[in-house]
2 protein chains.
Amino acid sequence: MPPCSGGHPHPAHSLKKQPSKPTIASRPGELTIDLVAAAAGVSTATVSRFFNSPERLRKSTAARVQEVVNRLGYVPNLLAGGLSSSRTRMVAAVIPTMSNSIFSSTIQAISDTLADQGYSVVLGLTGANDQHTERQILSIIGRRPDGIILTGAVPSANTRMKLKASGIPTIETWDLPQDPIDMAVGFSHEAVGRAIGEHILRGGGRRVFIVSAGGVRALARRYGVTKMLVENGVPEPAIATFPGITTFGDGRRAVAAHLDAGGRPDVIVCSSDWGAHGALDELRRRGIRVPADVAVLGFGDIAFAGELDPPLTTVKIDGQVIGENATKFLMKRARGQNVRHRVVDVGFELIVRASG
Amino acid sequence: MPPCSGGHPHPAHSLKKQPSKPTIASRPGELTIDLVAAAAGVSTATVSRFFNSPERLRKSTAARVQEVVNRLGYVPNLLAGGLSSSRTRMVAAVIPTMSNSIFSSTIQAISDTLADQGYSVVLGLTGANDQHTERQILSIIGRRPDGIILTGAVPSANTRMKLKASGIPTIETWDLPQDPIDMAVGFSHEAVGRAIGEHILRGGGRRVFIVSAGGVRALARRYGVTKMLVENGVPEPAIATFPGITTFGDGRRAVAAHLDAGGRPDVIVCSSDWGAHGALDELRRRGIRVPADVAVLGFGDIAFAGELDPPLTTVKIDGQVIGENATKFLMKRARGQNVRHRVVDVGFELIVRASG
DNA sequence: CTGTTAGCGCGTTCAT
DNA sequence: ATGAACGCGCTAACAG
């Protein structure tokens with residue numbers, strides 16, 4: 001290490017009291033709009049317009065700016081832009097986890113629709129049991145996104161208030177809350193449950209076994225199924241619950257345990273296709289035929305649900321449509337337009353295949 | 001609607017020329033640090049310190065600020081904070097897609113490790129074929145994150161330059177680039193291929209069929225396998241390639257087509273466990289025994305690889321460890337420390353199960 | 001331990 | 001069609 005590596009080693013003897021040799025907070029080399037403007041021989045406003053409303057520049061001016069921007073490799077600081085304009089071109093997506101999330105199609109659709117318009121997605125992962133929802137949402141509000149999309153996470157009353165107070169357009173998805181924070185795009189989980197119940201009734205099933213996740217959404221579906229069955233004289237289903245998403249292993253082990261304990265179901269309802277997949281697998285190993293001996297129903301219509309053996313009967317939710325609707329809401333709001341119908345029911349589809 | 005709802009309904013008759021009744025860019029109700037400071041009877045700096053270095057405040061002062069913050073529901077504007085401090089407390093994660101991505105464990109780990117420290121993750125989805133990598137990365141650079149983590153995406157030479165020029169710490173993951181942009185955490189795909197090749201040699205396989213994705217990583221693995229086999233007198237494998245991730249359906253159909261075309265492999269190597277899963281399924285339908293008639297190998301060790309029938313032999317990468325190492329790098333850099341070994345090989349593990 | 005003050009880089013009036 | 005100047009909300013010296 002050299003004893004003296006350049007710069008001003010002895011600032012102590014600087015003359016007088018320089019009123020403001022300002023502290024350099026940013027990296028020294030940082031390229032700013034002023035530098036670009038100077039290099040192009042225009043004002044900063046012109047460079048700003050070049051990026052935000054190029055149509056208002058004379059062609060020749062735009063070309064000149066373009067050239068300098070390319071040559072210098074200037075990338076506008078969106079932080080500063082956002083602070084100045086209070087439009088950050090960010091939307092926040094709050095989901096429980098990354099892993100085999102049923103919500104990935106929604107996030108993907110949001111990102112895809114918004115990327116063209118220069119928007120980015122900030123992720124808020126709350127954990128399977130929503131332990132960290134409040135913290136994540138606070139941190140997100142601090143970033144002042146142009147919109148917040150909640151999917152899967154169920155905010156506490158306190159958090160809901162903070163969201164409302166923030167004034168940030170908020171969209172709850174994958175559900176139809178009784179009292180929306182702001183806007184909502186989803187479907188009724190209870191209605192899904194009822195549809196499954198009706199399907200079971202049509203098939204004449206009577207000994208129903210439900211493998212379910214623990215959240216409020218899965219609970220609503222369970223409730224729909226059970227209500228429909230009980231109201232029609234079918235005995236109340238047996239239930240196994242798991243925290244978080246029902247996995248392949250969960251489905252397999254739940255079925256194994258139930259059978260080993262003497263259960264003889266004629267219908268197995270799983271709260272995810274993963275669980276149903278595991279159930280199918282366990283049944284096959286035991287030589288129990290599907291659907292001859294027992295029907296198996298899933299939820300989600302994952303990519304290969306139709307390619308399983310036998311193909312899986314399940315409920316399909318169009319996560320992409322949910323995402324697209326959510327961004328439509330956001331874009332409207334961004335344009336200052338008022339959204340009339342603040343709740344959209346995208347429905348669902350019971351896809352009957354060979355498994356039940 | 002009341003005809004006149006307060007405020008200054010007739011600003012036209014304001015006296016003289018107010019030098020600057022500044023335009024209100026932000027929402028009128030926006031709560032700022034100054035308002036909080038005033039309400040607490042302290043200076044803005046004190047409120048700032050309350051959030052960023054509370055230990056430097058007298059307990060009683062902190063309590064007073066705390067009370068006001070709670071009562072008013074103040075959430076600091078991280079945009080302004082980031083602009084001022086040039087630390088945004090954001091890290092960007094660039095990945096191809098959300099859906100059944102092998103990288104989700106890495107992103108999850110990054111988010112989990114960083115959430116405590118107030119960091120958020122911005123997502124850059126580039127598409128399966130990296131069409132939009134450049135645009136996404138530019139938009140990300142504009143947000144001045146404290147770090148950029150590249151996983152799966154393979155930036156063009158041009159984009160690599162922009163990343164370098166940006167001065168933002170950048171970590172390439174899930175690979176060991178010959179010429180890293182900055183830092184890297186990953187493993188050698190070619191080495192994985194060689195390990196698979198060795199495993200095949202040990203098992204005596206000679207008619208190998210490879211179902212592979214199209215990207216450069218999968219290509220490297222394929223190359224490793226092929227080289228190892230050919231160097232040891234095994235005929236060059238047959239190959240079927242698919243763009244993007246190899247899915248369940250891809251695996252199933254590739255195997256079906258290969259068999260229908262007269263292929264009689266004794267080893268099937270898939271570039272994802274999904275593909276291997278599909279292959280297993282197709283083989284079972286055709287009454288071909290695994291591993292007696294043909295061995296099946298996967299890649300990724302997805303959650304239920306060990307629960308398939310038969311359990312799947314595959315290569316396990318610890319995506320979580322990759323994510324943790326990446327954030328370690330970033331945190332070191334954030335503290336201004338220099339990172340000594342800028343490339344970490346996390347290795348991989350060949351997990352031999354019953355399928356081959 | 002606390003207050004004062006000068007920018008951070010940009011969008012946005014308001015002139016011209 | 002372009003320029004000048006202010007301030008978005010906050011952090012970081014520095015002074016006390």
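All values below come from the heavy atoms of this structure, side chains included, with hydrogens, waters and symmetry mates left out. First the proteins, then the strands, lettered A, B, ... as listed; each starts at 1.
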Looking at C:dG3, does its base get a donor-acceptor pair with the side chain of B:T44 below 3.5 Å? no

How many Å lie between CG on B:L83 and C1' on C:dG11, as a whole number? 12 Å

Whole Å only: how far is the CG atom of A:L31 from the C1' atom of C:dG9? 11 Å

Considering all heavy atoms of both residues, which atom of B:L83 and which atom of A:A80 are nearest to each other, and what is their separation? CD1-CB, 3.8 Å

Integer-rounded Å distance: D:dC10 P and B:R49 CZ: 15 Å

Could you tell me if the side chain of B:S86 sits less than 4.5 Å from the side chain of B:R144, heavy atoms only? no

Integer-rounded Å distance: C:dG7 P and A:N77 CG: 18 Å

Ranking B:A45 and B:L79 by the position along DNA chain D of their nearest nucleotide, the one closer to 5' is B:L79

Ignoring hydrogens and angles, are the base of C:dG9 and the side chain of B:R144 linked by a donor-acceptor pair under 3.5 Å? no

Between A:S84 and D:dC8, does any side-chain N or O lie under 4.0 Å from OP1 or OP2? no

Write down the distance between CG (B:L35) and C1' (D:dC8), rounded to a whole number of angstrom. 14 Å

Ring centroid separation A:F51 to A:Y74 under 6.0 Å: yes

Would you mind reporting whether B:L330 and B:I110 have side-chain heavy atoms less than 4.5 Å apart? no

A:N52 atom CG is separated from D:dT2 atom P, nearest whole Å, by 15 Å

Quick one: is A:Y74 getting a side-chain N or O under 4.0 Å of the C:dC10 phosphate, OP1 or OP2? yes

From the candidates D:dG9, C:dT2, C:dG11, the one with an atom nearest any side-chain atom of B:A80 is D:dG9

Distance check needed: D:dT2 P versus A:I33 CD1, whole Å only. 15 Å

Provide, to the nearest angstrom, the distance between the CD1 atom belonging to A:I141 and the P atom belonging to D:dG9. 16 Å

